[in-house]
Amino acid sequence: MARGVARAASFGGRAATARWCSYRRITVAVCLGNLVAALLVLRSLTSFAPTPPKREEVVEYTEEQIRKAEESIRIRREAEPVELVEAVKNLRKIFRREEKRRKELPLELKQKVSYEIVQLLLDLGDNSSFAQQREAVESWCFEKLKDIKSASIQNSTKLDLSNEEARTLKRALQFNWHVLMEDIGLWIPSEVSHTEHDDKPENEPEEEEIIAGPPLPSQCNAELHTDYDGAAVRWGLTHPKESAANCCQACLDQAKNARPGELRCNIWVYCPSEFGCFSPDKYEHKHQECWLKQADHPKLNFKDKYSESYRDSHPTAPVVVPWMSGVISA
């Protein structure tokens, strides 16, 4: 009995489930789902649609504001540099015309002109001044232009130029001489004449040069721009001193402490220049070199300035003697 009831209940449940999951209801459910999805997609698309532009408000100006704006425009037009603008336009036309003429000059003609000018400058020699070179080139230009005009009148070809080349060169020499010189690479610098004027009053004492370091004792007998000769007691290449006073004191100390038979210093030579001091030997003499020397009869090597003949034979020699030295008093 119980088994029959259970079977009936099971059969009734299956029938109810079959009635609920029918094909018609499933189709309706799917259509409703698609409709919801379509509505969601449509909403998302419409949310990103551009908003219509707002209507621009029309600004109405008063007559006073319009009058001030027109006056401002008039003032700006009157302040415009009309003459300057016209001058710039004319310059541009001139530059374009010169550029056109420059391009018209053939390379072969430029080479002929440069060869003649080079030969002209070589004939002047290496000792010619810039003024002489410029005058010679200008004379060549004048004579060449004169020859071209004469040849065109006489219908002659003695210039070794074709008619077209002669016309082109004539136009270049007349109107574009400086441009032609630039094209062939010729540049002669201006010669500047420099004259030194001595404005120093007569009988005015010379300014004393300042010697770095402590003052030198009177027995040092310091002499600026002086180089004394003598036998080396102490080489200055390995004997630097901070000042001329220290160099003189080193000479005094050496003479005082010298052993019997040793040379006693009586000449000191010091290099006060920060750039070093010149000497005709092979060594490089640096700042603060202190040479200790000895001579029974001290003789000058150089004093004040090197002579022109000496500087001719020694090109690296300066004009003024850079050394300072002194002979110790007995």
Side-chain angles (χ1 to χ4, degrees), residues 87-88 90-202 225 275 278 280 302-322:
V88 171
N90 293 332
L91 285 175
R92 287 177 178 174
K93 291 179 181 179
I94 294 173
F95 291 153
R96 284 196 296 267
R97 187 163 54 248
E98 289 183 354
E99 187 67 22
K100 183 179 178 181
R101 287 173 178 172
R102 176 183 293 191
K103 291 180 180 178
E104 288 179 356
L105 203 63
L107 177 61
E108 185 178 354
L109 185 55
K110 292 179 184 179
Q111 292 175 347
K112 290 181 181 179
V113 172
S114 60
Y115 176 77
E116 292 186 16
I117 294 178
V118 167
Q119 288 297 123
L120 176 67
L121 296 177
L122 289 176
D123 294 339
L124 288 178
D126 297 334
N127 297 327
S128 60
S129 63
F130 294 141
Q132 292 174 337
Q133 294 176 3
R134 189 179 298 104
E135 183 180 357
V137 173
E138 290 176 355
S139 299
W140 174 89
C141 174
F142 178 77
E143 293 295 331
K144 179 64 69 174
L145 187 58
K146 183 179 177 181
D147 293 341
I148 292 174
K149 291 180 179 180
S150 176
S152 61
I153 293 173
Q154 299 175 4
N155 196 16
S156 174
T157 58
K158 63 180 182 179
L159 294 176
D160 194 21
L161 295 174
S162 64
N163 293 334
E164 183 63 27
E165 289 179 342
R167 284 195 299 269
T168 306
L169 182 58
K170 177 183 176 182
R171 187 165 55 248
L173 294 177
Q174 280 182 325
F175 304 106
N176 260 350
W177 164 242
H178 296 288
V179 175
L180 177 60
M181 293 299 99
E182 291 179 5
D183 285 346
I184 66 175
L186 177 64
W187 178 74
I188 301 176
S190 301
E191 189 170 18
V192 180
S193 58
H194 176 69
T195 305
E196 293 186 1
H197 299 279
D198 189 4
D199 300 332
K200 188 175 181 179
E202 295 182 1
H225 309 298
F275 304 100
F278 168 79
F302 302 101
K303 179 72 174 177
D304 294 333
K305 296 181 179 181
Y306 295 105
S307 63
E308 291 187 7
S309 59
Y310 183 83
R311 284 189 283 119
D312 290 340
S313 58
H314 299 79
T316 58
V319 177
V320 179
V321 177

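Side chains are part of it too, since the values below use all heavy atoms of this structure and drop only hydrogens, waters and symmetry mates.
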Checklist outcome for this item: Here the gap from Ser139 atom OG to Lys144 atom NZ, rounded to the nearest 0.5 Å, amounts to 13.5 Å
Checklist outcome for this item: Rounded to the nearest 0.5 Å, the SG atom of Cys141 sits from the NZ atom of Lys146 at a distance of 13.5 Å
Item to check | Minimum heavy-atom distance Arg311-Pro318, with the two atoms named | outcome: CD-O, 3.3 Å
Item to check | Worked check of side-chain contact (heavy atoms from CB on, under 4.5 Å) between Tyr115 and Lys112 | outcome: CA-CA 5 Å; Tyr115 176 77; Lys112 290 181 181 179; 5.9 Å; no
Item to check | Val137 vs Arg134, side-chain contact (heavy atoms from CB on, under 4.5 Å): CA-CA, chis, key distance, verdict | outcome: CA-CA 5 Å; Val137 173; Arg134 189 179 298 104; 5.9 Å; no
Checklist entry - Which value, rounded to the nearest 0.5 Å, describes the distance between Phe142 atom CZ and Asp147 atom CG? => result 10.0 Å
Checklist entry - What distance do Tyr310 atom OH and Phe302 atom CZ have between them, rounded to the nearest 0.5 Å? => result 3.5 Å
Checklist outcome for this item: Only residue of Val113, Leu121, Leu145 satisfying side-chain contact (heavy atoms from CB on, under 4.5 Å) with Trp140 is Val113
Next on the checklist: If you count every heavy atom of other residues, nucleotides or ligands that lies below 6.0 Å from Glu308 atom CD, does the total exceed 12?
Outcome noted: no
Next on the checklist: Please report the interatomic distance NE2(His314) to CZ(Phe278), rounded to the nearest 0.5 Å.
Outcome noted: 5.5 Å
Item to check | Test side-chain contact (heavy atoms from CB on, under 4.5 Å) applied to Lys303 and Val321, step by step | outcome: CA-CA 7 Å; Lys303 179 72 174 177; Val321 177; over 6 Å; no
Item to check | Considering all heavy atoms, the nearest Leu124-Ala136 contact | outcome: CD1-CB, 3.7 Å
